[in-house]
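A short write-up of the structure that comes next.
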Amino acid sequence: MNTAPIAVALDAADLETAARWAALVTPHVSTVKVGLELYLRYGPDVVASVRGASGVKVFLDLKLHDIPATVAGAAHAVSRLKPAYLTVHAGGGAAMIRAAVEAAPQTKIAAVTVLTSLSEADLAGLGLEGSASDVVRRMAALAVGAGAQALVCSPREVADVRAEVGPDITLITPGVRPAGAATQDQARVATPEEALAAGADLLVIGRPITGAPDPGAAAAGIAAALRRTGAA
Ligand SMILES: O=c1ccn([C@@H]2O[C@H](COP(=O)(O)O)[C@@H](O)[C@H]2O)c(=O)[nH]1
C-alpha cells in the first residue's frame, strides 16, 4: 500500500513509546520525525530504534543553528545515521546552510524558515518586517540560494513559497491540524487537505496522531481522508 506523505513527529518522553508509535504508524506514513527531546535524551541510537525493520524514512529535526564550522561538524556527525532530512535554521545565514549541505551530501538539508509557533505579532515583536509570508519567502530564497534542498514553512505560506522557489524544492509543513483539532502551541495552521492542495510535499503531524488513543488508527484515518479527497 502507498503510504501518505506524512512525517509523524515522535515527540515522546521515552524511547519505548517513540519506537511503539513508529511501529504503529509506519504502515500508513512515509516518514517518522525525531526531534530534539528524543535525540538529546537517547542520542544517535534513537534513529535505529524508530526506523526498525520497516525502512521508513527518518527526518532528523535538530534545527542546527551555529557558526558554519560547528554546523558542518554536527551535520557530518549525524549524516552517518542516514536521515532523509536534517533541519537547520535559515536564520543561521547562507554560509551556515551551505556548510550543512556540503557536510551531509546524502541527506536533504531542510531550512526552517519561520517557526510555525510564531504569529504575525511575534514576528513584529522580533523586528522582522512584513507579513509572515514576506519573511518566510525571504528566508526561503536565501536558503535555496545557499543550496538547501528542502524548506520548512507553515501550510499558510506554502503556495507563496512554491511560487518563489519552483517545483524542485521539497516543501515540508508542520502546523497541520485536522479540522476541529486543538492548535496547541501552533500559530499558523491549516488542515492536511489544505496543506497538500497548497503544494506541500510532506506534512509534519505530531500530537493529533500520537495523542490519540490509537496512533496507528489516527494515522490511517488521516491518510485515508487524504486519499478520499484526492489530495494524496
Ligand atoms: O516550524 C516548525 C518546525 C518544526 N516543528 C516541529 O514539528 C512538530 C509538530 O508537532 P505537532 O504536535 O503536530 O504540533 C514538532 O516536533 C515541532 O518540533 C514545528 O512544529 N514547527
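Each ligand, and each atom within it, is numbered from 1 in the order the structure gives. Below, each value reflects all heavy atoms present in this structure, side chains not excepted, and no hydrogens, waters or symmetry copies.
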Below 4.0 Å from any atom of ligand 1, is there a heavy atom belonging to Gln184?
-> no
Could you check if a side-chain atom of Asp160 sits within less than 4.5 angstrom of a side-chain atom of Val136, using non-hydrogen atoms only?
-> no
With a 4.5 Å heavy-atom cut-off, do Thr173 and Arg156 have their side chains touching?
-> no
Sole candidate of Val47, Leu81, Thr107 that passes side chain to side chain contact (heavy atoms under 4.5 Å, CB included) when paired with Val58 = Val47
In plain terms, say whether Asp185 and Arg207 are close enough for a salt bridge, that is, a side-chain N and a carboxylate O under 4.0 Å apart.
-> yes
Asp14 with Arg20: basic N within carboxylate O range, under 4.0 Å | no
Which heavy atom of the protein is the closest neighbour of [atom], given with residue, atom name and distance?
atom: atom 3 (C) of ligand 1; answer: Lys63 CE, 3.5 Å
atom: atom 13 (O) of ligand 1; answer: Gly206 N, 2.8 Å
atom: atom 11 (P) of ligand 1; answer: Arg177 NH2, 3.5 Å
atom: atom 17 (C) of ligand 1; answer: Lys33 NZ, 4.0 Å
atom: atom 20 (O) of ligand 1; answer: Gln186 NE2, 2.8 Å
atom: atom 15 (C) of ligand 1; answer: Asp11 OD2, 3.3 Å

Between Thr173, Thr116, Asp185, which one has a non-hydrogen atom sitting closest to atom 1 (O) of ligand 1?
-> Thr116
Would you tell me which option among Gly211, Pro174, Ala187, Ala181 has the nearest heavy-atom contact to atom 5 (N) of ligand 1?
-> Pro174
Show the atoms of ligand 1 that are less than 4.0 angstrom away from any heavy atom in [X].
X: Arg207; answer: 11 (P), 12 (O), 13 (O), 14 (O)
X: Ala9; answer: 8 (C), 16 (O)
X: Val204; answer: 7 (O), 8 (C)

Do the side chains of Val71 and Leu60 join up, straight or via other hydrophobic residues, at under 4.5 Å, putting them in one cluster?
-> yes
Establish whether Leu36 and Leu115 are linked, either directly or via other cluster members, by ILVMFWY side-chain heavy-atom contacts under 4.5 Å.
-> no
Does ligand 1 have a heavy atom under 4.0 Å from the side chain of Asp61, from its backbone, from both, or from neither?
-> side chain
Residue pairs involving residues 79-105 (criterion ring-ring contact (aromatic ring centres under 6.0 Å, His included); sequence neighbours excluded) | Phe59-Tyr85, His65-His89
When you check the side-chain N and O atoms of Thr183 and Gln186, is any donor under 3.5 Å from an acceptor?
-> no
